[in-house]
Amino acid sequence: MVPLWWHISLGVALFVIGAAGVLLRRNILVVLMSLELLLNSVNINFIAFGRYYADFRGQIFAIFVIAITAAEVAVALGILVALVRNKSTLKVDDVTVMKG
Amino acid sequence: MDQGFFLLFAAVAVITALIVVLARNPVHSALALMACFLQISAVFVLLEAPLLAVVQIFVYVGAIMVLFLFVIMMIDVREAVLQRFLPGGNLPALVLLVLLGAEMLVLVLSSERFSATEPAAKGGGDQIREFSTTLFADYLLPFEVASVILLAALVGAIVLARKETG
(Lines give C-alpha, C1' and ligand atoms only; values in the text may rest on other atoms or scores of the structure.)
Protein backbone atom coordinates (compact mmCIF):
# COMPACT_ATOMS: atom_id res chain seq x y z
CA MET A 1 0.00 0.00 0.00
CA VAL A 2 1.04 3.57 -0.54
CA PRO A 3 1.92 5.31 2.73
CA LEU A 4 0.04 8.44 3.66
CA TRP A 5 3.07 10.68 3.66
CA TRP A 6 3.72 9.96 -0.03
CA HIS A 7 0.43 11.61 -0.89
CA ILE A 8 1.12 14.51 1.45
CA SER A 9 4.56 14.95 -0.09
CA LEU A 10 3.03 15.05 -3.56
CA GLY A 11 0.67 17.72 -2.26
CA VAL A 12 3.60 19.68 -0.82
CA ALA A 13 5.52 19.48 -4.11
CA LEU A 14 2.59 20.65 -6.19
CA PHE A 15 1.80 23.40 -3.69
CA VAL A 16 5.33 24.78 -3.74
CA ILE A 17 5.46 24.64 -7.55
CA GLY A 18 2.12 26.43 -7.76
CA ALA A 19 3.24 29.07 -5.26
CA ALA A 20 6.39 29.57 -7.33
CA GLY A 21 4.20 30.17 -10.37
CA VAL A 22 2.07 32.70 -8.49
CA LEU A 23 5.03 34.57 -7.02
CA LEU A 24 7.59 34.44 -9.83
CA ARG A 25 5.67 34.57 -13.09
CA ARG A 26 4.54 37.90 -14.48
CA ASN A 27 1.96 36.57 -16.92
CA ILE A 28 -1.58 36.77 -15.55
CA LEU A 29 -2.70 33.62 -17.38
CA VAL A 30 0.10 31.54 -15.89
CA VAL A 31 -0.60 33.00 -12.44
CA LEU A 32 -4.21 31.83 -12.75
CA MET A 33 -3.11 28.35 -13.85
CA SER A 34 -0.75 28.17 -10.87
CA LEU A 35 -3.68 29.00 -8.61
CA GLU A 36 -5.45 25.95 -10.04
CA LEU A 37 -2.37 23.91 -9.17
CA LEU A 38 -2.48 25.17 -5.57
CA LEU A 39 -6.13 24.22 -5.17
CA ASN A 40 -5.48 20.79 -6.65
CA SER A 41 -2.68 20.04 -4.21
CA VAL A 42 -5.07 20.88 -1.38
CA ASN A 43 -7.60 18.49 -2.90
CA ILE A 44 -5.03 15.67 -2.91
CA ASN A 45 -4.41 16.26 0.79
CA PHE A 46 -8.15 16.31 1.59
CA ILE A 47 -8.82 13.03 -0.20
CA ALA A 48 -5.72 11.28 1.16
CA PHE A 49 -6.61 12.18 4.75
CA GLY A 50 -10.22 11.24 4.12
CA ARG A 51 -9.19 7.81 2.92
CA TYR A 52 -6.66 7.04 5.63
CA TYR A 53 -9.02 8.08 8.41
CA ALA A 54 -12.07 6.48 6.74
CA ASP A 55 -14.03 9.70 6.63
CA PHE A 56 -16.14 10.99 3.74
CA ARG A 57 -15.72 14.59 4.72
CA GLY A 58 -12.42 14.81 2.87
CA GLN A 59 -14.10 13.99 -0.42
CA ILE A 60 -17.03 16.30 0.34
CA PHE A 61 -14.76 19.26 0.95
CA ALA A 62 -12.79 18.40 -2.17
CA ILE A 63 -16.05 18.66 -4.14
CA PHE A 64 -16.71 22.07 -2.59
CA VAL A 65 -13.18 23.18 -3.48
CA ILE A 66 -13.75 22.11 -7.09
CA ALA A 67 -17.04 24.04 -7.25
CA ILE A 68 -15.45 27.19 -5.83
CA THR A 69 -12.57 26.82 -8.28
CA ALA A 70 -14.97 26.69 -11.21
CA ALA A 71 -16.63 29.90 -10.02
CA GLU A 72 -13.28 31.56 -9.42
CA VAL A 73 -11.98 30.73 -12.88
CA ALA A 74 -15.12 32.02 -14.58
CA VAL A 75 -14.92 35.36 -12.77
CA ALA A 76 -11.14 35.65 -13.14
CA LEU A 77 -11.21 35.04 -16.89
CA GLY A 78 -14.06 37.56 -17.23
CA ILE A 79 -11.95 40.13 -15.38
CA LEU A 80 -8.97 39.18 -17.55
CA VAL A 81 -10.89 39.71 -20.79
CA ALA A 82 -12.15 43.09 -19.53
CA LEU A 83 -8.61 44.05 -18.49
CA VAL A 84 -7.09 43.12 -21.85
CA ARG A 85 -9.83 45.05 -23.58
CA ASN A 86 -9.16 48.19 -21.53
CA LYS A 87 -5.41 48.16 -20.92
CA SER A 88 -4.16 45.58 -23.47
CA THR A 89 -1.58 44.11 -21.14
CA LEU A 90 -1.01 40.68 -19.70
CA LYS A 91 1.72 41.53 -17.21
CA VAL A 92 0.93 41.65 -13.52
CA ASP A 93 3.27 44.59 -13.00
CA ASP A 94 1.38 46.77 -15.44
CA VAL A 95 -1.86 46.50 -13.50
CA THR A 96 -1.39 49.15 -10.85
CA VAL A 97 -4.79 50.80 -11.00
CA MET A 98 -5.50 50.14 -7.33
CA LYS A 99 -2.07 51.19 -6.12
CA GLY A 100 -2.42 54.14 -3.76
CA MET B 1 1.90 -2.50 -7.72
CA ASP B 2 0.07 0.43 -6.18
CA GLN B 3 3.33 2.06 -5.21
CA GLY B 4 4.70 1.81 -8.72
CA PHE B 5 1.59 3.37 -10.19
CA PHE B 6 1.60 6.12 -7.58
CA LEU B 7 5.26 6.94 -8.22
CA LEU B 8 4.63 7.07 -11.97
CA PHE B 9 1.62 9.38 -11.64
CA ALA B 10 3.32 11.59 -9.05
CA ALA B 11 6.46 11.95 -11.14
CA VAL B 12 4.53 12.90 -14.26
CA ALA B 13 2.35 15.28 -12.24
CA VAL B 14 5.37 17.09 -10.77
CA ILE B 15 7.12 17.29 -14.15
CA THR B 16 4.06 18.71 -15.90
CA ALA B 17 3.53 21.15 -13.02
CA LEU B 18 7.10 22.37 -13.54
CA ILE B 19 6.38 22.77 -17.24
CA VAL B 20 3.32 24.88 -16.33
CA VAL B 21 5.51 27.31 -14.41
CA LEU B 22 8.55 27.28 -16.70
CA ALA B 23 6.99 27.27 -20.16
CA ARG B 24 7.33 30.43 -22.20
CA ASN B 25 4.11 30.07 -24.14
CA PRO B 26 0.83 30.14 -22.14
CA VAL B 27 -0.64 27.56 -24.52
CA HIS B 28 2.07 25.10 -23.51
CA SER B 29 1.34 25.91 -19.88
CA ALA B 30 -2.34 25.18 -20.38
CA LEU B 31 -1.68 21.84 -22.09
CA ALA B 32 0.79 20.80 -19.38
CA LEU B 33 -1.77 21.78 -16.75
CA MET B 34 -4.29 19.53 -18.46
CA ALA B 35 -1.84 16.61 -18.32
CA CYS B 36 -1.18 17.37 -14.65
CA PHE B 37 -4.91 17.29 -13.86
CA LEU B 38 -5.22 13.92 -15.60
CA GLN B 39 -2.41 12.51 -13.43
CA ILE B 40 -4.06 13.92 -10.30
CA SER B 41 -7.32 12.27 -11.24
CA ALA B 42 -5.42 8.98 -11.59
CA VAL B 43 -4.08 9.53 -8.08
CA PHE B 44 -7.70 10.00 -6.94
CA VAL B 45 -8.54 6.62 -8.44
CA LEU B 46 -5.68 5.08 -6.47
CA LEU B 47 -7.14 6.74 -3.37
CA GLU B 48 -10.46 4.95 -4.01
CA ALA B 49 -12.33 8.14 -4.81
CA PRO B 50 -13.64 7.31 -8.29
CA LEU B 51 -16.39 9.92 -8.15
CA LEU B 52 -13.87 12.66 -7.43
CA ALA B 53 -11.69 11.41 -10.29
CA VAL B 54 -14.59 11.69 -12.73
CA VAL B 55 -15.56 15.12 -11.39
CA GLN B 56 -11.93 16.20 -11.74
CA ILE B 57 -11.82 15.17 -15.39
CA PHE B 58 -15.22 16.69 -16.20
CA VAL B 59 -14.77 19.99 -14.41
CA TYR B 60 -11.05 20.68 -14.79
CA VAL B 61 -10.12 19.03 -18.06
CA GLY B 62 -13.52 19.41 -19.67
CA ALA B 63 -14.61 22.85 -18.57
CA ILE B 64 -11.87 24.93 -16.98
CA MET B 65 -9.11 24.04 -19.42
CA VAL B 66 -11.39 24.67 -22.40
CA LEU B 67 -12.18 28.06 -20.86
CA PHE B 68 -8.47 28.79 -20.46
CA LEU B 69 -7.61 27.78 -24.02
CA PHE B 70 -10.56 29.79 -25.32
CA VAL B 71 -9.38 32.91 -23.52
CA ILE B 72 -5.79 32.36 -24.67
CA MET B 73 -6.99 32.14 -28.27
CA MET B 74 -9.22 35.19 -27.79
CA ILE B 75 -6.61 37.57 -26.42
CA ASP B 76 -3.28 38.23 -28.06
CA VAL B 77 -0.50 36.44 -26.21
CA ARG B 78 2.31 37.10 -28.67
CA GLU B 79 3.66 40.07 -26.77
CA ALA B 80 3.58 38.24 -23.45
CA VAL B 81 5.31 35.18 -24.88
CA LEU B 82 8.63 36.95 -25.10
CA GLN B 83 9.11 37.65 -21.42
CA ARG B 84 9.52 34.75 -19.05
CA PHE B 85 10.55 36.12 -15.68
CA LEU B 86 11.13 39.53 -14.23
CA PRO B 87 14.68 40.59 -15.10
CA GLY B 88 16.79 40.67 -11.96
CA GLY B 89 14.86 37.83 -10.42
CA ASN B 90 12.72 37.84 -7.36
CA LEU B 91 15.00 36.75 -4.56
CA PRO B 92 12.68 37.31 -1.55
CA ALA B 93 9.98 35.20 -3.19
CA LEU B 94 12.47 32.42 -3.94
CA VAL B 95 13.74 32.40 -0.34
CA LEU B 96 10.16 32.36 0.89
CA LEU B 97 9.34 29.39 -1.35
CA VAL B 98 12.39 27.40 -0.25
CA LEU B 99 11.54 28.06 3.40
CA LEU B 100 7.92 27.08 2.85
CA GLY B 101 8.78 23.82 1.10
CA ALA B 102 11.44 22.87 3.65
CA GLU B 103 9.13 23.63 6.55
CA MET B 104 6.25 21.59 5.16
CA LEU B 105 8.50 18.64 4.29
CA VAL B 106 10.11 18.65 7.74
CA LEU B 107 6.69 18.78 9.39
CA VAL B 108 5.38 15.89 7.29
CA LEU B 109 8.46 13.69 7.60
CA SER B 110 9.09 14.21 11.31
CA SER B 111 5.54 13.62 12.47
CA GLU B 112 4.34 10.19 13.46
CA ARG B 113 0.78 10.96 12.44
CA PHE B 114 1.53 10.89 8.72
CA SER B 115 3.09 7.43 8.76
CA ALA B 116 -0.12 5.46 8.30
CA THR B 117 0.26 2.88 5.56
CA GLU B 118 -3.00 0.98 5.87
CA PRO B 119 -6.24 2.96 5.62
CA ALA B 120 -8.66 2.59 8.49
CA ALA B 121 -11.32 0.01 7.69
CA LYS B 122 -14.40 1.41 6.02
CA GLY B 123 -17.89 0.16 6.70
CA GLY B 124 -17.92 -1.77 3.43
CA GLY B 125 -20.91 -1.75 1.12
CA ASP B 126 -21.92 0.96 -1.27
CA GLN B 127 -19.46 3.79 -0.82
CA ILE B 128 -20.97 6.16 -3.36
CA ARG B 129 -24.36 5.78 -1.68
CA GLU B 130 -22.91 6.57 1.74
CA PHE B 131 -21.01 9.47 0.28
CA SER B 132 -24.10 10.95 -1.35
CA THR B 133 -26.13 10.50 1.81
CA THR B 134 -23.53 12.40 3.80
CA LEU B 135 -23.31 15.10 1.15
CA PHE B 136 -27.03 15.69 0.81
CA ALA B 137 -28.01 15.14 4.43
CA ASP B 138 -25.28 16.63 6.60
CA TYR B 139 -23.88 19.12 4.11
CA LEU B 140 -27.03 20.28 2.36
CA LEU B 141 -26.65 23.94 3.32
CA PRO B 142 -23.04 24.26 2.05
CA PHE B 143 -24.12 22.47 -1.12
CA GLU B 144 -26.87 25.00 -1.77
CA VAL B 145 -24.52 27.87 -0.93
CA ALA B 146 -22.10 26.48 -3.52
CA SER B 147 -24.85 26.50 -6.12
CA VAL B 148 -25.68 30.13 -5.31
CA ILE B 149 -21.99 31.02 -5.61
CA LEU B 150 -21.84 29.33 -9.02
CA LEU B 151 -24.89 31.28 -10.17
CA ALA B 152 -23.36 34.54 -8.96
CA ALA B 153 -20.11 33.70 -10.76
CA LEU B 154 -22.03 32.96 -13.96
CA VAL B 155 -23.81 36.31 -13.86
CA GLY B 156 -20.59 38.10 -12.92
CA ALA B 157 -18.63 36.54 -15.76
CA ILE B 158 -21.29 37.50 -18.30
CA VAL B 159 -21.42 41.08 -17.03
CA LEU B 160 -17.62 41.40 -16.97
CA ALA B 161 -16.97 39.96 -20.41
CA ARG B 162 -19.75 41.93 -22.10
CA LYS B 163 -18.78 44.82 -24.34
CA GLU B 164 -19.60 48.24 -22.95
CA THR B 165 -22.89 49.30 -24.46
CA GLY B 166 -24.11 51.53 -21.68
Side-chain angles (χ1 to χ4, degrees), chain A residues 1-10 12-21 23-27 29-30 32-34 36-37 40 43-44 47-48 50-54 56-57 59-60 62-64 66-75 77-82 84-85 90-91 93, chain B residues 2-3 6 10 13-14 17-18 20-21 26 29-30 33 37 40 43-44 46-49 52 55 59 63-64 67-68 71-72 75 77 80 83 85-86 90 93 97 100-101 104-105 108-109 114-122 130-131 134-135 139 142 146 149-150 153-154 156-157 160-161:
Chain A
M1 294 305 285
V2 186
L4 174 59
W5 64 268
W6 285 21
H7 294 284
I8 309 299
S9 304
L10 175 63
V12 168
L14 289 183
F15 191 90
V16 171
I17 294 171
L23 291 177
L24 297 178
R25 286 302 299 256
R26 297 274 75 98
N27 190 332
L29 276 165
V30 181
L32 279 177
M33 291 181 206
S34 305
E36 304 296 305
L37 219 50
N40 256 281
N43 269 351
I44 292 177
I47 296 178
R51 168 141 186 265
Y52 282 91
Y53 292 104
F56 281 121
R57 280 175 288 183
Q59 293 189 32
I60 286 169
I63 279 200
F64 287 144
I66 290 177
I68 298 304
T69 308
E72 172 243 322
V73 165
V75 174
L77 289 179
I79 292 176
L80 184 59
V81 170
V84 171
R85 200 171 277 153
L90 270 179
K91 292 198 206 98
D93 295 326
Chain B
D2 264 4
Q3 296 189 348
F6 177 81
V14 168
L18 281 175
V20 170
V21 175
S29 285
L33 192 65
F37 285 161
I40 291 174
V43 171
F44 287 174
L46 284 185
L47 280 169
E48 289 174 4
L52 261 295
V55 168
V59 174
I64 292 182
L67 207 58
F68 261 115
V71 169
I72 290 174
I75 61 187
V77 294
Q83 196 190 25
F85 293 110
L86 193 67
N90 200 342
L97 284 172
L100 180 73
M104 288 204 283
L105 273 182
V108 167
L109 293 181
F114 296 120
S115 58
T117 50
E118 200 66 27
K122 259 188 189 152
E130 272 182 62
F131 171 73
T134 317
L135 178 60
Y139 290 90
I149 288 175
L150 279 171
L154 181 71
L160 281 170

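Interface remark: A/Tyr53 contributes backbone and side-chain atoms alike to the contact with chain B (heavy atom separation under 4.5 Å). Both the backbone and the side chain of B/Ala17 come within less than 4.5 Å of a heavy atom of chain A. Of the atoms belonging to A/Leu23, heavy atoms from both backbone and side chain fall under 4.5 Å from chain B. With a 4.5 angstrom heavy-atom cutoff, A/Ile68 touches chain B only via side-chain atoms. Both the backbone and the side chain of A/Val75 come within contact range of chain B, each with at least one heavy atom under 4.5 Å from a heavy atom of that chain. At a 4.5 Å heavy-atom cutoff, the contact between A/Ala13 and chain B is made by side-chain atoms alone. Heavy-atom distances place the side chain of B/Val59, and not its backbone, under 4.5 Å from chain A. With a threshold of 4.5 angstrom between heavy atoms, B/Phe44 approaches chain A through side-chain atoms but not through N, CA, C or O. Only the side chain of A/Leu14 comes within less than 4.5 Å of a heavy atom in chain B; its backbone stays farther off. B/Ile40 touches chain A through its side chain: at least one heavy atom from C-beta onward sits under 4.5 Å away, while N, CA, C and O do not.
Between B/Met104 and A/Val16 there is a side-chain heavy-atom pair separated by less than 4.5 Å. Inter-residue side-chain proximity for A/Leu29 and B/Ser29 is flagged as unmet; no heavy-atom pair is nearer than 4.5 Å. Using a 4.5 Å heavy-atom threshold, the side chains of A/Leu10 and B/Val43 count as touching. Residues A/Glu72 and A/Glu36 meet the side-chain proximity criterion, which asks for heavy atoms closer than 4.5 Å. B/Phe131 is listed as a side-chain neighbour of A/Ile63, based on a closest heavy-atom distance under 4.5 Å.
The residue among A/Ile66, A/Ile8, A/Val73 with the most heavy atom pairs within less than 4.5 Å of chain B is A/Ile66. When each of B/Val108, B/Val55, B/Leu109, B/Leu105 is checked for heavy-atom pairs under 4.5 Å with chain A, B/Val108 comes out on top. Chain B forms more heavy-atom pairs under 4.5 Å with one residue of A/Leu37, A/Leu77, A/Leu32, A/Ile79 than with any other, namely A/Leu77. Each of B/Leu52, B/Leu150, B/Asp2, B/Leu135 has some count of heavy-atom pairs under 4.5 Å with chain A, and the biggest count is that of B/Leu52. Ranked by heavy-atom pairs shorter than 4.5 Å toward chain A, the options B/Ala146, B/Gly101, B/Ala49 are led by B/Ala49. Top candidate by heavy-atom pairs under 4.5 Å with chain A, chosen from B/Val14, B/Leu154, B/Ile64, B/Leu100, is B/Ile64.
Contacts of A/Asn40 classified as side-chain hydrogen bond (donor to acceptor under 3.5 Å, both in side chains), with partners at least two apart in sequence or in another chain: B/Gln56. Take B/Phe37 and apply the ring-ring contact (aromatic ring centres under 6.0 Å, His included) test, not counting sequence neighbours, and it matches B/Tyr60.
Ring-plane geometry between A/His7 and B/Phe6 is classed as perpendicular, the angle between the planes exceeding 60 degrees on a 0 to 90 degree scale with a lower cut at 30.
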Checklist entry - Between A/Tyr52 and B/Leu47, is a side-chain contact (heavy atoms from CB on, under 4.5 Å) present by the stated rule, with each step listed? => result CA-CA 9 Å; A/Tyr52 282 91; B/Leu47 280 169; 4.3 Å; yes

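Considering every non-hydrogen atom in both B/Val20 and A/Arg25, the closest pair reads O-NH1, 4.3 Å.
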